[in-house]
2 protein chains.
Amino acid sequence: MDPSTDPALEAAVADLTLAVGQLVRRLRSVASPSALTLSQLSALARLDRQGAMTTADLARAESIKPQSMGAVLAGLEQDGLVGRRPHPTDGRQILFALTPAGAEERRRRGAAKREWLLTALAELDPADLGTLVAAIPLIKRLAES
Amino acid sequence: MDPSTDPALEAAVADLTLAVGQLVRRLRSVASPSALTLSQLSALARLDRQGAMTTADLARAESIKPQSMGAVLAGLEQDGLVGRRPHPTDGRQILFALTPAGAEERRRRGAAKREWLLTALAELDPADLGTLVAAIPLIKRLAES
DNA sequence: TATTGTTATACTCTATAACTATA
DNA sequence: TATAGTTATAGAGTATAACAATA
């Protein structure tokens with residue numbers, strides 16, 4: 001679009017797209033019986049951090065459609081990891097929150113992915129690990145922009 | 001698994017999983033008519049960098065099953081972005097490679113995702129951008145480990 | 001016997017569209 | 001009229017299983 005674009009920035013775009021795509025595929029491929037999906041883990045983590053939220057707010061936060069988030073939450077609810085309660089003042093809204101079992105199951109059923117990545121990270125030298133850790137909030141900022 | 005694990009490393013695992021998952025969902029949501037998927041872009045990029053490859057080699061490199069890569073390649077082949085030719089010595093294998101049109105279409109049909117990310121990156125300050133760029137090869141190394 | 005690729009089938013995630021209930 | 005959530009349907013991406021051809 002813009003012909004005066006920095007070529008290094010162009011390269012970063014291509015490389016970053018490739019890198020995160022591959023890491024996600026790799027993480028997804030680290031599955032085990034009854035493992036939670038990345039979408040489910042992401043929704044659980046957000047509910048844990050931010051407390052009860054509605055379907056629409058969760059969908060906005062995760063950049064998916066409310067109907068899609070509804071499907072994610074339906075799976076979690078069926079497993080007893082999240083529960084629903086009516087919004088105190090707005091009868092249309094429903095608040096979803098982690099159940100007591102939710103936090104524990106989240107740890108247990110995310111274990112395979114976590115352990116694979118933990119091992120991979122432990123193999124980086126300290127300087128590289130520092131760089132990567134510093135980059136994490138930047139990646140989050142990109143995702144939210 | 002290992003009870004003596006560094007808590008900071010545990011936090012990095014959770015944060016990195018969340019961050020790359022969200023960035024990928026965000027990238028995927030930046031679609032336009034006739035846009036290529038992340039899987040297709042990744043396969044095209046690899047064929048561009050490494051030259052002709054077989055289905056099985058591509059699948060291994062991208063951490064998906066050969067049957068799944070077959071589906072990705074079928075879509076690209078139907079659009080004329082990749083072509084096939086028999087392996088010179090092994091009659092079982094088929095080599096896939098970018099067509100002349102492939103490189104150009106790859107640029108054009110990956111444009112929406114690229115431009116969104118380009119804009120987001122351009123909003124980082126130089127130090128943060130440097131950190132992020134330095135982290136890209138590390139993410140790739142994780143994905144390949 | 002092992003490997004490459006293909007076909008058939010199914011599951012997950014996400015999307016769009018249409019509907020109901022509430023504001 | 002606008003918004004929250006649900007239901008129905010479809011498409012992309014990936015998986016497993018079974019098969020044919022070649023090594």
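Lettering of chains follows the sequences in order, A, B, ..., and the numbering in each one begins at 1.
In the hydrophobic clustering of ILVMFWY residues, with side-chain heavy atoms under 4.5 Å counting as a link, B:Leu98 and B:Met69 come out together. Criterion: ILVMFWY side-chain heavy atoms under 4.5 Å apart, direct or through other members. Under it, B:Val133 and A:Val133 are part of a common hydrophobic cluster.
Between A:Leu95 and A:Pro88, the closest heavy-atom pair is CD1-CD, 4.0 Å.
Regarding contacts with the backbone of C:dT6, a side-chain N or O of B:Arg84 is found under 4.0 angstrom from either OP1 or OP2. Look at A:Ser39 and you'll find a side-chain N or O under 4.0 angstrom from OP1 or OP2 of C:dT14.
Following rounding to the nearest Å, B:Lys113 (NZ) and D:dA12 (C1') show an atom-to-atom distance of 12 Å. Taking atom CE on A:Met69 and atom P on D:dT6, their separation rounds to 13 Å, with Å as the unit. Rounding to whole angstrom units, CZ of residue A:Arg26 and P of D:dA15 are separated by 12 Å. Going from atom NZ of B:Lys65 over to atom C1' of C:dT9 covers 17 Å, rounded to whole Å. Rounded to whole angstrom, the span from the CD atom of B:Gln78 across to the P atom of C:dT6 amounts to 14 Å. Between the CD atom of B:Glu77 and the C1' atom of C:dT6 there is a distance of 13 Å, rounded to whole Å. Computed from coordinates, the A:Met53 CE to D:dA4 C1' distance equals 14 Å when rounded to whole Å. When rounded to the nearest whole Å, the span between CZ of A:Arg28 and P of C:dT12 equals 13 Å.
Comparing A:Ser63 and B:Thr55, the nucleotide of DNA chain C nearest to each residue sits closer to the 5' end for B:Thr55. With DNA chain D read from its 5' end, the first of the two nearest nucleotides for A:Asp90 and A:Gln67 is the one closest to A:Asp90. Nearest-nucleotide mapping onto DNA chain C: of B:Phe96 and A:Leu38, the residue sitting toward the 5' end is B:Phe96.
Within 4.0 Å of B:Thr54, counting heavy atoms only, lie sugar-phosphate atoms of the nucleic acid but no base atom. Heavy atoms of A:Ser42 sit nowhere under 4.0 angstrom from any nucleic acid atom. In this structure, A:Gly91 reaches the sugar-phosphate backbone alone: every heavy-atom distance under 4.0 Å involves primed, P, OP1 or OP2 atoms, never a base.
Closest contact between the side chain of B:Ala71 and the listed nucleotides C:dT14, D:dT14, D:dA2 involves D:dT14. Here the nucleotide nearest the side chain of A:Arg92, chosen from C:dT6, D:dA21, C:dA23, is C:dA23.
Take A:Glu77 and apply the salt bridge (Lys or Arg N to Asp or Glu O under 4.0 Å) test, not counting sequence neighbours, and it matches A:Arg84.
Here A:Thr17 contributes atom OG1 and B:Trp116 contributes atom CH2; the two are 8.5 Å apart, rounded to the nearest 0.5 Å.
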